[in-house]
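What follows is a single structure, written as structure tokens, with notes after it.
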Amino acid sequence: MSFNNLDTLYRQVIMDHYKNPRNRGQIEGDHLSVELNNPTCGDRIDLQLKVDDGVVQDAKFEGEGCSISLSSASMMTQVIIGQNVEDALKMSQMFSDMMLGEEMEGYEFNLDELGDIQALQGVAKFPARIKCATLAWKAMEQGVEKEES
Amino acid sequence: MAILDHVRRDFPILDQHVNDHPLVYLDSSATSQKPQQVIDAVDNYYKQYNSNVHRGVHTLGSYATDGYEGARKKVKDFINAPSTKEVIFTRGTTTALNTVAYSYARANLSEGDEILLTKMEHHSNLIPWQQAAKATGATLTYLPLQEDGTISLSDVESMISDKTKIVAMAHVSNVLGTINPIKEVTEIAHRYGAVTVVDGAQSVPHMRVDVQDLDVDFYAFSAHKMVGPTGIGVLYGKQSFLNDMEPVEFGGEMIDFVNLYDSTWKELPWKFEGGTPIIAGAIGLGAAIDYLESVGMAQIEKHEHELVQYALEQMNTIDGITIYGPQERAGLVTFNLDDVHPHDLATALDSIGVAVRAGHHCAQPLMKELNVVATARASFYLYNTKQDVDVFVEGLKKAKEFFGDVF
């Protein structure tokens, strides 16, 4: 009995983000925030975004959850800071495709530009965990929509 | 343990590999597996005598009615209800509890009245009362949890009053495994003129329940947790209350006379069973009861007790494990392993074929009380073995190593 196939899910880089989350905390000053739950499992994320001139200037998060949901949040904040809103949303779509195991075609960026997020590719093989990985991204999409309205 | 060895063979689903490992199913508190006998009973109904009940003059209609009403008789005997009039088929425990909250509570509660609950309730025995309280101006009061996850009768005595109209609680907690002293609580409740409403979802499948001995006023449970099909459950209620209660659903099947502007209802129990009832489900539930009786409820209870005590003993050897609930408990263990989130743990165990539950177990207030966001739970039933426990405990140790290594 061993956990061989777990290694595809729990890559070192995921565990690193779980253990040492980037951009965890509160944004001072003007920002918008979105709190999302996974009602069935108790994961919670409170994502804060600072968007100026259509560009994500800062992103931070608080919350609790499993290694997949928190590492995904950590990785996401890293990659969306500095992106314009449109690109951030495209990345979210790309991430969603990645989780569904679909071809990631028709995007201007390639996988490398998503940085550490590539490590989450293995989640696609664990359907029960996909919603853990997408929680932070859904919060980001809602936050950006809030900003636009 | 040998006595129940033959039982395992009756459950075809258990004979399979999941993720290349033999399935170890430890999530029966969520839903139990079904023996061939129950699958056959449902299959046979659809193949041989599928018909609507209570109306056809034709032969198949009589067979279906006999099957459906025969199942009601089996339920009556199983829980020792005085009459089949007091056995109402519902969609499940949730619907049964909601029926009481709608029909009884809304008609009998008013401002200033109190509903006494525990902090270990499943959402299904909590939210219906929140809604009833909002609708009537009644207030909810909560019995505190003691350190070991039990409630104390002296707290019941001190919190109950003439204002208390309903005492609602689980017979067995789906998280802590606590077996609540329903008979004693009911005795106290009755002294103050309150009715008891008991969530029996986790008790009826695992122990002998005698509603007359407990003297409860309402008792609810689900078939799917007791080797029966999904989609059917039971509300037991004393006739003296059910008679005065209005139906919650109106339509076919539950009526006596229908006029243009007014109608009258059938007698008990049918006035609470609007629409074509859950015929196949009831027949499956009847077969489930036959099955459990053939093994023997006392045997099942004893078997689970041995398994859970063995599991507790083995789990307690693991460093960094926290187990919630009392030592004397029903057949389930809710726990956390330091530094491993329960979802990650459940995924790790699943990768070696072990199915456990992770999350808040539909008991968010209890999770807050325990000061955790989520927990993992292993639950046992008549088909589990000591070997299942060994594989599970070995998996916990491996998971601890695995997640320990990556940190």
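Chain naming here is simple, since letters A, B, ... match the order of the sequence lines and numbering starts at 1 in each. Source: prediction; values computed, not measured.
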Looking at B/Leu345, B/Val373, B/Asp344, which makes the most heavy-atom pairs under 4.5 Å with chain A? B/Asp344
Under the ring pair (Phe, Tyr, Trp, His ring centres under 6.0 Å) test, which residues partner B/His360, sequence neighbours left out? B/His123
Going by heavy atoms in the side chains, are B/Thr375 and B/Met367 under 4.5 Å from each other? yes
Counting heavy-atom pairs under 4.5 angstrom with chain A, the leader among B/Ala374, B/Ala348, B/Pro342, B/Ala346 is B/Ala348
Closest non-hydrogen atom pair, B/Ile323 against B/Leu312: CG2-CD2, 3.8 Å
Is chain A contacted by the side chain of B/Ala399, its backbone, both, or neither, given a heavy-atom distance below 4.5 Å? both
With the threshold set at 4.0 Å, does a side-chain nitrogen-carboxylate oxygen contact exist between B/Asp27 and B/Arg377? yes
